[in-house]
Structures are given as structure tokens and as C-alpha cells.
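Chain letters run A, B, ... following the sequence lines, proteins first and then strands; every chain starts at 1.
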Amino acid sequence: MVSAHNGTEETICRLVETYSDMLLRLAATRLSSTADAEDAVQEVFLYLLERGTSFRDAEHEKAWLIRATLHRASDFRKRAEARNLPLEDAALSATPPDDAQALLGAVRALPEKYGAAVYLHYYEGYTMKEIGKLLGLPAATVGTRLKRGRERLKQMLEVND
Amino acid sequence: MDEKRFKKAFDALSFSPDFRSRTEALLRERAAGKENTVTFKRSKRTILATAACLAALAASVSAAVYWLSPSQAARELFDEPGVAEAFEKQGDTAVQPARIGEYEVVFEGAVSGENLTRHAMQLNGEIVSESSYMVFAVSGGSIAELNKTHSATPTTLGLSITPLVKGHAPWELNAWTLGGGYTAVGQGDTVYFLFETSSLEQFAPEEVCYAVYACEGMGVPSTAEFSMAEDGTITLNDGVDGAIFTVEQP
């Protein structure tokens, strides 16, 4: 049993040290502002501690954090879009994007369900089966999302190139 | 897909170098604040008739007379007169009892409204003025003992609670994504929960319901517990001990 209960020093350090990097990058698949991604991940950690809970195991904990981060990042993005807030992409559009920016922009332009699968596979190295467990999806669905996400990324990057 | 190119792009992201230290400090601060906050209140009022009444519970919804009404619970236990008034304004609705494991769970009702509580609810860092509230009572098992130690919470009871909306997958729309939270008050062998989320009225006219189910750990809704039919109807999977309570439209 993995516990996130009580917000102990040990728990706080473990959560932040173990998951920060992955969750920040994951949030960045939906948010063009790294500051927004940081806010979203902080809220997920806060929410987890305030709920005072425990998980079956480390995988269960990780899956919860991944899903919660994706939801929070989506919420941030929807709010920004609803208010027509300028996105970082727009600010950068005045200068030709370098390769990294072009790829990040393309990932963010993917439908959300594709972006998460693509990131978890190509950056974190998870298999379709593992991603299915993390996202609560059948492995076949993950495979479809990966395939379609890959195709769309290729199209977008070819246009940019 | 060129994995190296993909990794290089994400590695190029520049996050604040002090993110970890800032976040750890924030979590410590919040944890300290939480320790100083009484989240489990115990009513000093005379205990009303909350004795176990399983037979009455099984018999009919008239079992409600053995529990505090949702407006009573909101006013007398949770000290939330705004929520109590909303329940009173809504009028009586039938309570819905269910047996989940060793517990008798009674869904007493739900209301939505603006600025009903004395505290401000936050979702994604923003103040949420329109919220939904649900009151339910749980008795049985070791609740009487747990109440003595102020530790009866959904987690200690091994229960998970979440609102669900027809047509929205439970693993995508649930208590966690709606900013859910609760306050618990133990009274004798019963524990009352006032459960709060951002307003469910935003999903009208879709059918809204609440699921309470036995789980280990946090119990974030997943395909392990729920299924959604093509018409959007949500059901608990076979083998999952729980109940889905439909919210009556006033």
C-alpha cells in the first residue's frame, strides 16, 4: 500500500522528487505555457495530499497522478481558450520555430487523447499495454491512438518542414 | 517517429529550476494548515435517533425518519445554513438506501446553488461560486468505534464517492475532475458526509447520479469499476460492491 496520507515530510519529498519531471512534461503536452504546466502539477499534488488517501501500489499512484495531471492541464487549456488568452505559440509565431518548438507545437495541436499516448510511449517508453493500464484504456485503443497521433504529427511536421 | 527528436524537444522545455523546492514548501505549508484545521467536527447537540435500523431501512424510504434530514444535517452538523435552506426550498425527496459491504449507506439528497456555503470552493486555483452538495449517511461496521477516534472518512471506510453524469465516462468526469471534497461528522454509530463538487447543473439536462462503492485505496473511477453503454448509461461492473443513486430533479 502506498500512502499519500497526512502530507508527511517523507510523502511530500517522495511525490515531488519522483513525479515532478514526468508530470510537468505531460502537462506540457496540453499547455504551451510552462508556468501553467507548473501550476497544474502543483494543484494535482495539493489535491492528492488534501484528499488524504492511499493507493494499492506505486503503479496505482502513478496512474492517478498521470490522469489527474491530464485533466487539470485540459481544464487550464479550456479556460485559456474560453478567454481567448494569447498562447505562447502565438507569441512565438513571429519567429521561425526551431525543431523542438515545432514538435512541441505539433504535439499540443493533437487531439488530447492522442497527445498523452504519444508522450507516454515516445518519451517515457511505456508499451501500449502499460499505457492502457495508466490511462484506464484497452491496449488496442492505445494502439489506435498512437497510430493516429503519429500520422497527424507526421503531417503537421511535414508542413512545417 | 524519431524518438530522439521527440525526447530532445521535451528535454528542451524549460521549467522553473526551483519548482521542486517551491512545491515542497507549498505542500508542507498546506499540510501544516490542515493539521491545524478541525475537519472532523463532532456535534454537541443531543444525538437524535440514529440507532441502527436495518429493518426499517430495508422496508421503505420512511427510514428517513431515523436519520437527520439533509437540511438538518447541513444546519446542525455541518453548520451550513445556506445548504440547509437550499434543501428546505427543494422540499422532500425520497432517500435512497443501499447496503455496501458491512455498511448501510443512505443517499439523502443533493442540491446545487451559488454561494451556499460559508467557505469558498476552489477548482484549478479559481474560486467556484456555483457548487453541488450531496448528503449521505453511513452506519454499520465499525463506525461507532471509528467515530470515537475521529477517523471515519471514506478512505478509512474503504468507500469511494463520486458524482457521475450520463454520457460522460466516469474515468473522465468524476469527483476528482470536479474538485470534489467532503466534510464528515460522526454521530453515534452513523457518520454523515456533506460532499461538494463544482456545480453539476452545468450538465443539465443529462441525468446526474452519485456512485458510492467499496474500494481499496483512493478509488479513482476507472474501467475496473464502471462501464458506460452506447446510450451513455453508466453502471457498476459485476463484482463491484456499490450503488448508484439517481439525483431527483426538483
Side-chain angles (χ1 to χ4, degrees), chain A residues 1-2 4-9 12-13 15-17 20-21 24-25 28-29 34-35 37-43 45-56 60-61 63-64 67-68 71-72 75-76 79 98-104 107 118-119 122-123 135-138 150 153-154, chain B residues 1-16 19-35 39 122-126 153-156 160 169-182 215-226:
Chain A
M1 183 78 75
V2 179
H5 197 54
N6 293 335
T8 60
E9 180 67 26
I12 288 169
C13 292
L15 286 171
V16 174
E17 297 300 319
S20 285
D21 289 347
L24 286 170
R25 288 190 297 262
T29 64
T34 52
E38 290 176 2
D39 287 347
V41 173
Q42 273 191 344
E43 286 193 13
F45 284 138
L46 278 172
Y47 192 61
L48 175 57
L49 288 177
E50 289 185 346
R51 294 286 299 195
T53 189
S54 55
F55 298 98
R56 283 192 299 275
H60 187 202
E61 179 181 73
W64 185 91
R67 292 187 212 179
H71 286 308
R72 280 288 182 269
D75 291 341
F76 271 59
R79 273 212 319 270
D98 65 18
D99 188 61
Q101 288 169 348
L103 196 143
L104 289 170
V107 171
V118 167
Y119 170 78
Y122 286 104
Y123 192 96
L135 300 181
L137 296 167
R150 228 173 7 231
L153 273 180
K154 189 180 174 191
Chain B
M1 173 67 68
D2 182 343
E3 286 185 33
K4 284 184 181 173
R5 183 184 179 192
F6 194 88
K7 283 199 170 190
K8 190 179 170 188
F10 276 88
D11 286 336
L13 284 166
S14 178
F15 296 103
S16 306
F19 173 79
R20 290 186 182 194
S21 58
R22 272 194 299 117
T23 303
E24 288 179 8
L26 178 68
L27 295 176
R28 281 187 204 103
E29 181 185 324
R30 196 64 66 91
K34 191 179 171 189
E35 283 172 9
T39 56
Q122 283 197 7
L123 179 62
N124 298 331
E126 287 198 341
T153 68
T155 305
T156 56
S160 186
W171 39 97
E172 292 175 352
L173 182 74
N174 54 54
W176 283 260
T177 60
L178 291 165
Y182 67 87
C215 66
E216 290 179 6
M218 195 161 190
V220 180
S222 72
T223 51
E225 292 92 19
F226 295 96

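Between Asp99(A) atom CG and Asp2(B) atom CG the span is 8.5 Å, to the nearest 0.5 Å. Atom OG1 of Thr34(A) and atom CG of Leu13(B) lie 7.5 Å apart (nearest 0.5 Å). Atoms NZ and OH, on Lys7(B) and Tyr119(A) in that order, are 9.0 Å from each other to the nearest 0.5 Å. To the nearest 0.5 Å, atom OH of residue Tyr122(A) and atom CZ of residue Arg5(B) are 13.0 Å apart. In this structure, Leu46(A) CG and Thr23(B) OG1 are separated by 8.5 Å, a value rounded to the nearest 0.5 Å. Taking CG of Leu15(A) as the start and CZ of Arg20(B) as the end, the distance is 12.0 Å to the nearest 0.5 Å.
In terms of heavy-atom pairs under 4.5 angstrom with chain B, the leader among Asp21(A), Leu135(A), Leu137(A) is Asp21(A). When each of Gln42(A), Arg25(A), Lys154(A), Arg67(A) is scored by its heavy-atom pairs under 4.5 Å with chain B, the top score falls to Gln42(A).
For Ala40(A), no part sits under 4.5 Å from any heavy atom of chain B, backbone or side chain. In this structure, chain A has a heavy atom under 4.5 Å from the backbone of Pro221(B), while its side chain stays farther away. Using a 4.5 Å cut-off between heavy atoms, Leu24(A) touches chain B through backbone and side chain atoms alike. For a residue to count as touching a neighbouring chain, one of its non-hydrogen atoms must lie under 4.5 Å from one of that chain's; by this rule Val118(A) touches chain B with backbone and side chain alike.
A donor-acceptor pair is defined here as one N or O able to donate and one able to accept, closer than 3.5 Å; no such pair exists between the side chain of Glu38(A) and the backbone of Phe19(B).
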For a side-chain contact (heavy atoms from CB on, under 4.5 Å) check, start with the C-alpha distance between Thr29(A) and Phe10(B), then their side-chain angles and the critical distance, and finish with the verdict. CA-CA 9 Å; Thr29(A) 64; Phe10(B) 276 88; 3.6 Å; yes

